Amino acid sequence: MTSRLKRRLGLAIGALIAMTLPAMAGVCEKRQFDGKGYVICTVEAAQEPNLQLWLNDPDGKVMGDFTAVRRSLAPDEVLGFAMNAGMYHPDYRPVGLYISKGRQEGDLVTAGGGGNFGLLPNGVFCTGGARPFQVIESRAFQKAQPECRLATQSGPMLVIDGELHPRFLPDSDSRYIRNGVGVSPDGQTAWFAISDRSVTFHEFGRLFRDELGARDALYFDGSISRLYAPDLNRADFGRRLGPIIGLTGQN
């Protein structure tokens with residue numbers, strides 16, 4: 001079975017599952033940009049305390065999927081949306097910095113290297129500090145040492161101070177279903193996006209810069225990108241995940 005067929009099957013089954021799950025209305029929307037389809041999940045400053053990062057359960061075992069995240073919630077909580085939130089090692093440890101629930105699970109990485117994570121500049125998504133939401137280039141993060149309630153490092157940066165990553169090519173033939181996060185210039189809004197179909201880095205970066213107006217945006221992944229959005233009847237599933245980010249609310 002091809003990877004594309006597996007993904008389509010996973011989306012179909014996930015849609016059936018999501019139809020039976022409680023949802024938070026108005027969190028995620030479908031949007032078209034430059035002929036490509038995306039899902040955008042918007043989180044505002046007042047909702048920042050309800051944004052969460054998950055990796056391990058209380059017993060130290062990797063959660064690995066959206067079902068485990070939902071099972072970890074209190075009886076009166078609902079998961080509004082969730083997606084994978086950064087790259088990880090084969091044992092699911094974060095590749096870079098990871099901060100959640102007052103604990104740091106990984107160290108900041110500023111050196112270049114192979115793969116997308118090492119395609120400098122990379123960056124850190126940080127919440128709950130001087131601004132509700134920030135995407136900060138990793139070396140600038142190292143110098144500033146900002147306070148973060150949540151933090152996840154990934155790479156490459158998609159948008160850096162209003163400019164696309166310098167290595168992105170308009171005519172690239174590297175296409176994947178990609179997901180990431182962008183932040184409004186005032187830090188009051190975070191946009192979590194995933195493409196419906198395979199897109200280039202250049203196309204994905206332009207979504208954040210030109211359609212959403214983000215001055216800074218960060219890539220999460222492009223080989224395992226998945227979304228949980230029950231208000232859109234969507235609950236993707238597949239191989240196990242490392243870090244997962246999502247928004248919770250009251251049932």
Side-chain angles (χ1 to χ4, degrees), residues 41 43 48 51-56 62-64 69 82-161 163-168 176 178-184 187 190-194 201 204-205 208-209 214-227 240-247:
C41 301
V43 181
E48 187 278 329
L51 195 66
Q52 304 294 334
L53 267 172
W54 296 274
L55 181 61
N56 298 325
V62 175
M63 287 191 173
V69 169
M83 66 169 49
N84 53 295
M87 299 168 193
Y88 49 91
H89 294 288
D91 63 358
Y92 304 102
R93 289 181 299 109
V95 171
L97 181 69
Y98 174 95
I99 299 172
S100 178
K101 298 182 178 8
R103 295 185 59 185
Q104 181 173 327
E105 299 285 346
D107 295 325
L108 186 73
V109 177
T110 58
N116 291 324
F117 187 95
L119 186 61
L120 300 182
N122 56 23
V124 179
F125 176 59
C126 165
T127 86
R131 290 183 170 194
F133 308 110
Q134 300 179 79
V135 169
I136 308 171
E137 188 273 328
S138 295
R139 294 176 183 179
F141 188 97
Q142 185 181 49
K143 292 179 180 178
Q145 295 290 309
E147 179 183 353
C148 303
R149 184 182 69 87
L150 303 177
T152 183
Q153 185 182 10
S154 192
M157 293 277 286
L158 295 168
V159 184
I160 312 142
D161 197 22
E163 299 292 335
L164 297 183
H165 192 290
R167 298 281 296 277
F168 293 173
Y176 289 92
R178 305 182 189 271
N179 73 304
V181 61
V183 174
S184 62
W191 297 288
F192 298 85
I194 185 169
F201 271 129
F204 197 46
F208 285 101
R209 185 190 67 177
R215 288 192 61 80
D216 297 282
L218 182 65
Y219 181 62
F220 279 156
D221 214 304
S223 60
I224 51 89
S225 299
R226 294 210 298 279
L227 174 70
R240 288 167 64 78
L241 302 171
I244 296 171
I245 196 163
L247 183 70

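Counting from 1, the numbers follow the sequence of the chain as shown. Note that the structure is a prediction, hence the values are computed from the model and not measured.
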At what distance, to the nearest 0.5 angstrom, does [atom1] of [X] lie from [atom2] of [Y]?
X: Cys126; Y: Ile136; atom1: SG; atom2: CD1; value: 5.0 Å
X: Arg178; Y: Asn116; atom1: CZ; atom2: CG; value: 6.5 Å
X: Lys101; Y: Asn56; atom1: NZ; atom2: CG; value: 11.0 Å

Original post:
Is there a donor-acceptor pair under 3.5 Å between the side chain of Arg149 and the backbone N or O of Glu48?
Top reply: yes

Original post:
Short question: side chain of Arg240, backbone of Val62 - any donor-acceptor pair under 3.5 Å?
Top reply: yes

Original post:
Which class fits the ring pair Phe204 and Phe208: parallel under 30°, tilted 30 to 60°, perpendicular over 60°?
Top reply: perpendicular

**OP:** Indicate the ring-plane relationship of Phe201 and Tyr219, choosing parallel, tilted or perpendicular according to the 30° and 60° boundaries.
**Re:** perpendicular

**OP:** May I ask you to check whether Gln153 and Ser138 show a side-chain donor-acceptor distance below 3.5 Å?
**Re:** yes

Original post:
Should Val95 and His89 count as side-chain neighbours, where that means a heavy-atom distance under 4.5 Å?
Top reply: yes

Original post:
Between Val159 and Asp216, is any pair of side-chain heavy atoms under 4.5 Å apart?
Top reply: no

**OP:** For residues Phe125 and Phe192, establish whether the separation of their ring centroids is below 6.0 Å.
**Re:** yes

**OP:** Identify the two heavy atoms, one from Arg226 and one from Leu241, that lie closest to each other, and give their separation to 0.1 Å.
**Re:** NH2-CG, 3.2 Å

